[in-house]
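Proteins come first, then strands; the chains are lettered A, B, ... in the order of their sequence lines, and each starts at number 1.
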Protein chains: 2
Amino acid sequence: MSQTRELGPLYRDYIDCLNEQDWSRLGKFVGEDVIHNGRPLGLAGYRAMLEQDFRDIPDLVFAIDLLSCDPPLVAARLAFDCRPKGAFLGIAVNGRRICFAENVFYRFAGGRIVEVWSVLDKVEIERQLAGQS
Amino acid sequence: MSQTRELGPLYRDYIDCLNEQDWSRLGKFVGEDVIHNGRPLGLAGYRAMLEQDFRDIPDLVFAIDLLSCDPPLVAARLAFDCRPKGAFLGIAVNGRRICFAENVFYRFAGGRIVEVWSVLDKVEIERQLAGQS
């Protein structure tokens, strides 16, 4: 049961690490052989993915909206309010403001994230941008 | 802690109810004032949404891939392998087979689902159909 209490704070520290773009600490939270949506990115590939996200979305902030910890799983609903510079998920956002969620599961092993299953709410982004035009 | 053990079986019963399309039992699992992605559908609207899903996707089956229970929240990754008849999420699927996930959170109160936050993996569906063309 102690693990239940530990995964919540650990996950919040991971999100702080992302928001601080403190990539030297990423290996504290993410395993060397991490898999993301079925792709074996590894820690270096995972870091490269996140660095690209911050280049594409300069005002990117990760905010936890919902959190469910049931070891070895953590599930989070992350809320984003940001302005991607160009295309995002195949949509020409081009600097417009979008607010959307990511519902994401993580499997932890040995205190680190070893697998991620992420879904971004593209349907909601399209709905918002359609309302602007 | 007992609630932790109870939500898992209760949620699995809810999924069985959907797969059996046993709408007379839906109120056992879903609250009268249920909210779905911010919309106050209520039980009748929620049932109508599900009935429409089965009309649009005759071979629809809900399968639990991942489950995280942390009362009052349940988070599930649902896996779908189906053939929507026409358009689905704005995509002209037209009977082609698609395999995709829904990452979804539920908040329970009084033993029933009172709020749902669902994200469907439209990006993955588009990727699969692009690979076919």
Side-chain angles (χ1 to χ4, degrees), chain A residues 1-9 11-12 35-39 63-80 84 87-91 93 99-108 113-131, chain B residues 1-9 11-12 35-39 63-80 84 87-91 93 99-108 113-131:
Chain A
M1 282 295 110
S2 66
Q3 230 192 337
T4 306
R5 285 190 292 272
E6 284 164 13
L7 277 188
Y11 181 73
R12 291 181 188 282
I35 296 168
H36 184 276
N37 283 357
R39 297 174 302 158
I64 300 169
D65 197 15
L66 298 171
L67 187 61
S68 166
C69 300
D70 187 358
L73 295 178
V74 167
R77 180 172 172 89
L78 302 174
F80 300 98
F88 180 63
L89 306 179
I91 305 166
V93 178
C99 300
F100 66 98
E102 174 183 0
N103 284 3
V104 53
F105 286 81
Y106 307 82
R107 183 166 60 81
F108 281 75
I113 295 164
V114 295
E115 188 154 10
V116 181
W117 297 264
S118 157
V119 182
L120 297 163
D121 198 348
K122 181 171 181 175
V123 175
E124 172 59 18
I125 297 169
E126 289 172 330
R127 193 193 63 76
Q128 283 175 23
L129 295 180
Chain B
M1 282 293 109
S2 66
Q3 230 193 336
T4 306
R5 285 191 292 272
E6 284 163 12
L7 277 188
Y11 181 73
R12 291 180 188 281
I35 295 168
H36 184 276
N37 283 358
R39 297 172 303 158
I64 300 170
D65 196 16
L66 297 171
L67 187 61
S68 167
C69 300
D70 188 357
L73 295 178
V74 167
R77 181 172 172 88
L78 302 174
F80 300 98
F88 180 63
L89 305 180
I91 304 166
V93 178
C99 300
F100 66 97
E102 174 183 0
N103 283 3
V104 53
F105 285 82
Y106 307 83
R107 182 167 60 84
F108 280 75
I113 295 166
V114 294
E115 188 154 10
V116 182
W117 297 264
S118 158
V119 182
L120 297 163
D121 198 349
K122 180 171 182 175
V123 175
E124 172 59 19
I125 298 169
E126 289 173 329
R127 194 192 63 77
Q128 283 176 23
L129 295 179

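For the pair B/L73 and B/Y106, the minimum side-chain heavy-atom distance is 4.5 Å or more.
At least one donor-acceptor pair under 3.5 Å links the side chain of A/N37 to the backbone N or O of A/S118.
For the set B/V74, B/V104, B/L66, the entry with the most heavy-atom pairs within less than 4.5 Å of chain A is B/L66. Looking only at heavy-atom pairs under 4.5 Å with chain B, the residue among A/K122, A/R77, A/E126 that has the most is A/R77.
For A/E102, the salt bridge (charged side-chain N to carboxylate O under 4.0 Å, His left out) test picks out no residue, with sequence neighbours left out. Residues satisfying the ring-ring contact (aromatic ring centres under 6.0 Å, His included) test with B/F88, not counting sequence neighbours, are B/F100.
With a threshold of 4.5 angstrom between heavy atoms, B/E124 does not approach chain A through any atom at all.
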